[in-house]
Enquirer: 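Before I ask anything, let me first share the structure, which is written out below as structure tokens.
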Amino acid sequence: MSAAAAEKPVLLEVTDLHVNVQDKPVLKGLNLVVRAGEVHAIMGPNGSGKSTLSKVIAGHPDYEIVSGRIRFEINFQMRDLLELEPDQRAKEGVFLAFQYPIEVPGVSNRSFLRTSYNAICKHQGTEALSDAAFDQYLKSKMALVEMDEKFLDRGVNVGFSGGEKKRNEILQMAVLSPRLALLDETDSGLDIDALRIVANGVNKLKSRHNAIVMVTHYQRLLDYITPDFVHVLADGKIVETGDNSLALKLEEKGYDWLL
Amino acid sequence: MSGLPINTGYKYGFVSDIETESVGKGLNEDVIRLISSKKNEPSWMLDYRLKAFRHWQSMSSPEWADLRYPPIDFQDISYYSAPKNKGEGPKSLDELDPELLKTFERLGIPLSEQKRISGVAVDAVFDSVSVGTTHQEELKKYGVVFCSISEALHTHADLVKKYLGSVVPHTDNYFAALNAAVFTDGSFVHVPKGVRCPIDLSTYFRINASETGQFERTLIIAEEDSFVNYLEGCTAPQRDENQLHAAVVELVALDRAEIKYSTVQNWYMGDREGRGGIYNFVTKRGVCKGKASKISWTQIETGSAITWKYPSCVLLGDDSQGAFYSVALTHDFMQADTGTKMIHIGKNTKSTIISKGISAGKSSNSYRGQVKIMASAQNARNYSQCDSMLVGRECSANTYPYLEIKNPTATLEHEATTSRISEDQLFYLQSRGLDKEAAISILVNGFCKDVFKQLPLEFSVEAVKLIEMKLENSVG
């Protein structure tokens, strides 16, 4: 890691994290440091705990934190994220793009996005946008993910194809502009065009103030979004960290040589 | 749910200290004669009551519903309770007992001239009697009659005589027979030919006295080419005993007339251990008597320990339309068995049923609906959609659709779904910055949207708030 990189402020710090799901250990001493402006890819074989990590950071209630800590920078201080409810984490700038986005029948995508955006604005002390101003703002974000306006008046994710759901997740990310975006298998179920669109969207949202952690099974997403770090998660721990070349090596050799 | 403070979330559970006049407990012909004489009724009314009472004695309580409750002791109920009139009785609403005015104000229904809600006329029924009706003068200008049914028995006897019992006969069912025998008050509406009622009409029912039943009777008649929007609300104090509410509502729509009837039912539902609460056994039925007439029932059922209620439409006139839109919420130990009947008799008749049941806690919530297409009903159409949402794992939801089709030209569509508010859904919404309450409210609102949009705006806002408040404690 270069000296310049080290000066960037730390956004997320996961220390010796042990997590159980239904009494079964899934994460067994995981460490991770993410700084502003960085893109991290977390790869690993099935069942290694990749998705668990992103859900635990976002605050899913099904996971039992056995020990360790997760700290997140809030107002220039590292704060214990585990003490916050999922909605509070979101308000502080944590975003999880779901592997399987949930359907919310009867609630239009537009009103959901507006409610969500305004809840976060309120917390951060900025004015809520008027409906008209929000629509304008939304339009600019829809262009990023090449989404048609017809999606706005449909129920959230209801009747969306797999690819549309994933795009809708990135639209939400664009609207909420989080400081830490966790992308959980965002590439799965996407055809090559949709993958390109989603990746373009993510690339446009990258800045020196935010960080992206991508959980992925395949290297192909990394062809579009170049990570600064690639971590290999196996049996609940990060067993190898490198740059993008590690991903290429994994593509070629598989995971076996690390296990 | 454990660990939360015990809170029924019921803010209407207070008791008003009002001097009342009531008859002792028990039911026999003398009690019926007494009620009738208190109301100074014509003799045909008393005869009708006695006929109903005799018939009721030959009947037994219905047992087909998905409801569990101990047998009701009808001799342990008082059948009449009314605020005592001082002297001559109030000449205007402003002269009402201040305690009564205060009670309705606390319920959000100001009655006095200065404070009353504009745009809605209110008939306020307290225990067994109507204590006053607002906006009567204004309505008179349009020829609309809106008063208590006791008053109508004197001022519009011919109409009452013609229509009372014409939609729900005294022989209809056990609770309707009981109501016909002992009903005390309720609202009467008559909208003359060609008149669109200029303001919404509403009745607010309040049970206050203990060990008393409420048996109201409502009759709405819409003449040719008329329109009326009618709203109904109900609350009761928090008590450990169960109280019986057995009402009958009859609607009559003549040629091209339209009646929209909406209810927000929030009777006391009992405490979190299932003690107390209102037993709500109600018969509501409308007849689309005239050609191209329309009746719609919209109900938001959020209260009562037991709800047994099937607002129905008899589609007699050709091209007539009936609709039933319902949200029924049960939580803790509440039980609801509710739905509708659509009886198609006329040609080209159309009915729509949209039912949304939400069950939480240990409650049970059933939809029971019948669609009957008679041989005469050429080209009848029905659309039914019955959705259930479960909150938690100890509640139950059932759907019992009954179809009877005697005409092959009928078109029927039926959709039904059951879903559960899952932790995943809540987490998804929370991870977008919405707190748990907001997340639940978004899910429930989305689920009930098709029904809420049938309500007048202020009612719909009220209904949403009511359901949010009740569910807040129920999602663990």
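Each chain gets a letter, A, B and so on, in the order its sequence line appears, and its residues count up from 1.
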Enquirer: Looking only at heavy atoms, which two atoms of B/L434 and A/A119 are closest? And how far apart?
Expert: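 Nearest heavy atoms, B/L434 then A/A119: CD2-CB, 4.1 Å.
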Enquirer: Select all residues of residues 295-303 of chain B having any heavy atom within less than 4.5 Å of some heavy atom of chain A, and report them by number, or 'none'.
Expert: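 Not one residue of residues 295-303 of chain B has a heavy atom under 4.5 Å from chain A.
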Enquirer: Walk me through it: do A/L96 and B/F427 pass the test side-chain contact (heavy atoms from CB on, under 4.5 Å)?
Expert: CA-CA 11 Å; A/L96 171 62; B/F427 175 62; 4.0 Å; yes
Enquirer: Between chain B and chain A, identify all donor-acceptor pairs below 3.5 angstrom, including backbone and side-chain atoms.
Expert:
residue, atom, partner, partner atom, Å
B/D424, OD1, A/H60, NE2, 2.9
B/Q425, NE2, A/E103, O, 3.4
B/Y428, OH, A/N157, ND2, 3.2
B/Y428, OH, A/E169, OE2, 2.4
B/Y428, OH, A/Q172, NE2, 3.0
B/Q430, O, A/D87, N, 3.4
B/R432, O, A/S116, OG, 2.4
B/R432, NE, A/Q172, OE1, 2.3
B/R432, NH1, A/L96, O, 2.9
B/R432, NH2, A/L96, O, 2.9
B/R432, NH2, A/E169, OE1, 2.7
B/R432, NH2, A/Q172, OE1, 3.4
B/K449, NZ, A/G106, O, 3.4

Enquirer: Work out which heavy atom in B/I442 is nearest to a heavy atom in A/V107; give both atom names and the distance.
Expert: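 Reported closest heavy-atom pair: O-CG2, 3.4 Å.
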Enquirer: For residues 357-370 of chain B, which residue pairs pass the salt bridge (Lys or Arg N to Asp or Glu O under 4.0 Å) check, not counting sequence neighbours?
Expert: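 Qualifying pairs, neighbours excluded: B/D337-B/R368, B/K362-B/E394.
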Enquirer: Go through the structure and list residues passing side-chain hydrogen bond (donor to acceptor under 3.5 Å, both in side chains) with B/S351, not counting sequence neighbours.
Expert: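 Here the qualifying residues are B/H344, B/N382.
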